[in-house]
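Single-structure report; data block below.
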Amino acid sequence: MTATPAPELGSLAAIAACVRTGERSARAVLATSLERVRELEGDLHCFNEVTIEAAEADADAVDRIVRSGLDPGPLAGVPVALKDNLCTVGIPTTCSSKILAGWLPPYDATVVSRLRDAGAVAIGKTNLDEFAMGSSTENSAFGPTRNPWDLGRVPGGSSGGSAAAVASGIVPLALGSDTGGSIRQPAALCGIVGVKPTYGVVSRYGLIAFASSLDQIGPFATTVADAALALEVIAGHDPMDSTSLDRPAPSLLATLHDGVSGLRIGVVADFLSEESECGDAVVSAAEALAAAGAKVDEVRIPELLLGLPAYYVIAPAEASSNLSRYDGVRYGLRVDGPDAETMNARTRGEGFGPEVKRRIMMGTYALSAGYYDAYYGQAQKARTLVIRAFEAAYQDFDVLLTPTTPSVAFPFGSKVDDPIEMYMCDLCSIPSSLAGHPAASVPFALNPEGLPIGVQVLAPALGEAVMMRVAASLEASAPRSARGPVTP
Ligand code: GLN
């Protein structure tokens with residue numbers, strides 16, 4: 001099965017420009033997006049819920065602001081999809097888990113308020129691997145999302161619903177969360193742009209926690225400029241998140257097209273295995289950047305390979321603590337029993353899926369008294385080695401290039417029964433998560449089967465501006481056919 005190019009909704013700036021001048025109503029833009037939902041949602045299953053009434057009310061509010069002569073903001077009328085681990089007041093937020101059944105958040109995540117304040121119109125909550133644990137969206141309690149490039153393949157994960165909604169042209173913008181790659185990996189598998197910002201740049205108030213030392217929120221879009229605009233809107237200090245950096249949102253668009261001339265770019269050789277089509281794309285990307293004036297060299301950073309095993313101790317350890325709040329009392333599902341302990345156990349037994357249980361058990365084990373030093377302590381040391389190795393590499397390079405993923409989108413069922421195979425999907429995305437650095441995936445090529453391949457641009461902390469410049473340059477040299485939107 002192959003995908004065909006789909007009509008684009010237009011850039012975020014172009015949509016907002018029409019809505020701001022009243023040339024096109026937000027309601028009309030929304031109608032286009034909802035029409036596409038009707039056409040494709042049955043095949044793709046991007047959404048846990050499409051919030052038509054709330055979206056219509058928001059679009060009408062934008063149109064009223066325009067009519068009153070005021071400015072609804074830089075994303076006026078832009079339809080957006082939200083990963084279903086972002087709290088939305090009065091709208092179910094499930095993390096694609098049965099354990100949150102019936103729970104209605106009492107507040108909006110800060111990113112949700114910021115999008116609305118900028119005029120964006122949220123159309124629904126997107127599917128994910130339960131509690132964002134996974135790389136294929138197959139761990140959702142509500143069934144998987146399909147990849148619009150090939151309905152027999154996964155869209156990646158955990159933010160697979162958000163990625164597929166953008167890649168199929170349902171929305172031009174979606175938000176995801178990224179703990180070890182959950183924005184970048186599905187972006188790569190779906191042929192779109194995905195950005196994980198520096199830890200602390202985007203508020204996580206209202207993001208349901210997975211691993212708090214790693215979680216970040218970021219955008220999915222079809223172009224680098226759209227992702228940059230969205231990031232400018234959602235970034236910036238938030239007193240409601242104690243890990244939010246007390247500094248203004250980064251300015252990205254102003255320098256986006258400054259080019260790469262003179263930039264020092266390192267190609268991480270440790271991630272270029274022989275006979276890998278994703279590795280080949282990175283080599284071509286490096287050549288394109290060199291042709292555009294960058295100084296490109298290979299660099300070996302073997303410590304980055306410690307990232308994956310360290311992450312799969314640290315992230316489950318943090319998750320085992322964060323998920324202890326789902327006890328049958330405070331949120332969602334309760335399965336009763338004769339005493340509190342039995343009620344807790346039954347609720348968790350029925351409410352959590354197998355991967356979430358596996359993570360809680362791994363994390364609890366790694367933190368237990370006899371094993372703490374051997375597992376959690378060691379993993380933290382490995383994390384420090386990753387951070388130091390990056391520090392050393394960034395003495396010589398402004399940005400680093402790797403594949404985003406070891407392979408293109410894989411068929412359903414091919415990895416889900418083998419956790420280690422699934423975890424390997426995150427090999428290249430995890431190191432920058434452990435370091436808290438920004439990273440972006442840019443669609444750069446198609447493999448012989450017509451499936452998209454992403455190239456990852458890594459930068460040091462707060463290096464978003466230079467990272468996005470390199471991403472824009474890569475995008476300019478990539479074939480247009482390598483990116484969404486597509487129709488399955
Ligand atoms: N695939 C990784 C995991 O399963 C990353 C998930 C994420 O970034 N949320 O933990």
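Ligands are counted one by one from 1 in listed order, and the atoms in each one are counted from 1 as well. Remember, it's a predicted structure, so these values are computed and weren't measured experimentally.
- Within 6.0 Å of NZ on Lys98 lie no more than 12 heavy atoms contributed by other residues, nucleotides or ligands.
- The pair Arg359-Glu355 meets the salt-bridge criterion, since a charged nitrogen lies less than 4.0 angstrom from a carboxylate oxygen.
- Note on residues 460-473: pairs passing side-chain hydrogen bond (donor to acceptor under 3.5 Å, both in side chains), not counting sequence neighbours, are Thr198-Glu464.
- Each ring pair (Phe, Tyr, Trp, His ring centres under 6.0 Å) pair with one or both residues in residues 176-201, not counting sequence neighbours, would appear here, but there are none.
- Relative ring orientation between Tyr107 and Tyr205 is described as parallel, the plane-to-plane angle staying below 30° on a 0-90° scale split at 30° and 60°.
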Quick one: table the atom pairs, ligand 1 N or O against protein N or O, below 3.5 Å, distance rounded to 0.1 Å.
unit_1, atom_1, unit_2, atom_2, d
ligand 1, 1 (N), Gly134, O, 3.0
ligand 1, 1 (N), Ser135, OG, 2.9
ligand 1, 1 (N), Asp426, OD1, 3.2
ligand 1, 1 (N), Asp426, OD2, 2.9
ligand 1, 4 (O), Gly134, N, 2.8
ligand 1, 4 (O), Tyr312, OH, 3.3
ligand 1, 4 (O), Arg359, NH1, 3.4
ligand 1, 4 (O), Arg359, NH2, 2.7
ligand 1, 8 (O), Thr179, N, 2.7
ligand 1, 8 (O), Gly180, N, 2.7
ligand 1, 8 (O), Gly181, N, 3.3
ligand 1, 8 (O), Ser182, N, 3.0
ligand 1, 8 (O), Ser182, OG, 2.7
ligand 1, 9 (N), Ala132, O, 2.9
ligand 1, 9 (N), Thr179, OG1, 3.4
ligand 1, 9 (N), Ser182, OG, 2.7
ligand 1, 10 (O), Tyr311, OH, 2.6
ligand 1, 10 (O), Arg359, NH1, 2.9

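- A side-chain hydrogen bond (donor to acceptor under 3.5 Å, both in side chains) check over residues 369-378, counting only residues at least two apart or in different chains, returns the pairs Tyr376-Gln380.
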